[in-house]
2 protein chains.
Amino acid sequence: MLERLVYPRLLWYNTTIDVMPSKNAIGADNQQERLETANWITGFTDGEGCFTVSVINNPTTRFGKQIFPEFVITQGAKSLKALKEIQEFFRCGSIVLNKRYDNHNEHLYRYCVRSVVDLEKHIIPFFDEFPLRTSKQKDFLVFKKVIAIMRKKEHLTKSGWSKVLKLAGKMNRKKKRF
Amino acid sequence: MLERLVYPRLLWYNTTIDVMPSKNAIGADNQQERLETANWITGFTDGEGCFTVSVINNPTTRFGKQIFPEFVITQGAKSLKALKEIQEFFRCGSIVLNKRYDNHNEHLYRYCVRSVVDLEKHIIPFFDEFPLRTSKQKDFLVFKKVIAIMRKKEHLTKSGWSKVLKLAGKMNRKKKRF
């Protein structure tokens with residue numbers, strides 16, 4: 001019952017299909033469709049998704065900086081529908097327009113989840129259940145550690161803050177830092 | 001029986017699970033695992049895959065140019081395992097190393113299917129069965145038309161050649177052409 005309260009949107013993973021034949025058929029179809037979408041989302045994230053932990057200046061905070069974790073998927077305007085499908089699936093996060101004024105044909109949209117509570121309740125349990133298959137899995141595992149520290153408010157202590165900075169430094173290193 | 005000969009590697013989509021309980025369980029697991037990978041591949045392609053039809057100069061051909069269709073997924077070296085998984089799934093195509101000498105941390109690998117026969121037999125039926133959910137679906141449908149023309153050798157005629165050029169012009173227009 002506790003799990004039902006904590007992860008209400010993820011319950012279908014282990015949903016027992018109803019015993020009544022008609023409902024059973026509907027339930028199985030629905031379950032199958034959700035599983036298909038879940039695996040598709042993992043693939044899409046492996047291709048285009050990103051787990052980031054940014055450290056931004058904020059003089060009002062204890063350490064003069066703020067940790068900013070985010071799960072993002074970016075797409076061109078023509079594929080906005082796919083982002084809406086993901087947002088509907090997770091039932092959290094927002095879609096933000098990034099206008100482009102260069103020689104590209106379309107503006108960009110970003111699906112992003114920034115709330116630590118949503119990340120912990122919806123995004124992380126999902127990718128625990130449907131793990132990524134590329135090197136992004138490593139980023140995810142680091143990201144998960146950062147969120148755990150933040151949920152326990154440990155990042156407000158000096159040692160917790162150092163831990164988070166160290167973890168953030170391990171992520172998304174596609175380019176060398178000079 | 002004809003379908004069995006034409007699409008031997010895709011038969012599992014409609015495979016009947018064996019009646020024997022033990023085999024049934026194994027078959028169902030295997031089927032489920034394959035379905036999960038199939039949906040993951042569609043998601044991954046939506047994120048990172050590409051259907052292209054290039055037109056390259058080749059003075060030895062009738063029209064002085066050659067059509068070059070390709071299905072590609074590119075990944076950094078750290079995610080080579082994911083490309084191998086896809087290659088194993090489709091049982092066709094090759095993985096090519098693209099060395100990088102800029103400030104990136106890793107070389108790139110491209111999984112590509114260039115054979116018109118493989119595209120027709122393995123790639124196209126797969127994406128018919130597990131359709132893309134982004135705007136890449138439109139590219140795929142155009143790509144499919146090009147492959148159909150090429151398989152019938154219609155691109156060797158003047159009208160067929162024009163058709164292919166027109167179709168190729170519709171694809172992958174992320175940037176404006178000046």
Side-chain angles (χ1 to χ4, degrees), chain A residues 28 31-50 72-86 88-89 100-109 111 127 129-139 170-178, chain B residues 28 31-50 72-86 88-89 100-109 111 127 129-139 170-178:
Chain A
Q31 177 86 341
Q32 191 56 39
E33 202 178 295
R34 280 183 164 276
L35 276 170
E36 282 170 15
T37 299
N39 283 294
W40 174 80
I41 288 175
T42 294
F44 198 44
T45 304
D46 264 320
E48 196 70 2
C50 194
V72 187
I73 308 181
T74 304
Q75 280 293 287
K78 284 178 205 153
S79 298
L80 175 60
K81 198 175 68 95
L83 294 186
K84 283 186 178 167
E85 197 174 343
I86 294 168
E88 205 172 296
F89 184 91
R100 300 182 77 161
Y101 299 99
D102 54 8
N103 63 339
H104 280 73
N105 275 331
E106 55 179 348
H107 294 311
L108 289 179
Y109 281 91
Y111 168 67
F127 287 104
E129 192 80 22
F130 297 94
L132 297 159
R133 304 189 189 197
T134 64
S135 64
K136 283 180 189 171
Q137 174 66 2
K138 281 187 187 167
D139 282 338
K170 287 184 184 176
M171 296 177 72
N172 307 310
R173 289 287 160 268
K174 281 196 178 170
K175 291 184 182 180
K176 285 173 189 158
R177 287 194 166 173
F178 294 106
Chain B
Q31 176 86 340
Q32 191 57 37
E33 202 179 295
R34 280 184 165 277
L35 276 169
E36 282 169 15
T37 299
N39 284 294
W40 175 80
I41 288 175
T42 294
F44 198 45
T45 304
D46 264 320
E48 197 71 3
C50 195
V72 187
I73 307 180
T74 304
Q75 279 294 285
K78 283 179 206 152
S79 299
L80 175 60
K81 198 174 67 94
L83 293 187
K84 284 187 177 166
E85 196 175 342
I86 294 169
E88 204 172 297
F89 184 92
R100 300 181 78 162
Y101 299 99
D102 54 9
N103 64 338
H104 280 72
N105 276 330
E106 54 179 350
H107 294 311
L108 290 178
Y109 282 92
Y111 168 67
F127 288 104
E129 192 81 21
F130 297 95
L132 297 159
R133 304 188 189 196
T134 64
S135 64
K136 284 181 188 170
Q137 174 66 2
K138 280 187 189 167
D139 281 337
K170 285 184 184 177
M171 295 176 73
N172 306 312
R173 289 285 159 270
K174 281 196 177 168
K175 291 185 181 180
K176 284 173 190 157
R177 288 195 166 173
F178 294 105

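Proteins get letters first, then strands, A, B, ... in listed order; numbering begins at 1 in each. In what follows, every heavy atom counts, from backbone to side chain, and hydrogens, waters and symmetry copies are set aside.
- Within the 4.5 angstrom heavy-atom criterion, no atom of B/Q137 approaches chain A.
- Residues A/R133 and B/E85 meet the side-chain proximity criterion, which asks for heavy atoms closer than 4.5 Å.
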Stepwise side chain to side chain contact (heavy atoms under 4.5 Å, CB included) test for B/Q32 and A/L35: CA-CA 10 Å; B/Q32 191 57 37; A/L35 276 170; 4.0 Å; yes
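- In this structure, the side chains of B/K78 and A/K136 stay at 4.5 Å or more apart for every pair of heavy atoms.
- The parts of A/T37 that come within reach of chain B are both its backbone and its side chain, each placing non-hydrogen atoms under 4.5 angstrom from that chain.
- Here OG1 of A/T134 is found 12.0 Å from CG of B/L80. Values are rounded to the nearest 0.5 Å.
- Each of A/T42, A/D46, A/T45, A/N39 was evaluated against B/W40; a single residue qualifies, A/D46, per the side-chain hydrogen bond (donor to acceptor under 3.5 Å, both in side chains) test.
- Options B/E36, B/K138, B/E48 differ in how many heavy-atom pairs under 4.5 Å they form with chain A, and the most are formed by B/E36.
- For A/S79 (side chain) and B/S135 (main-chain N/O), a donor-acceptor pair under 3.5 Å exists by modelled atom type.
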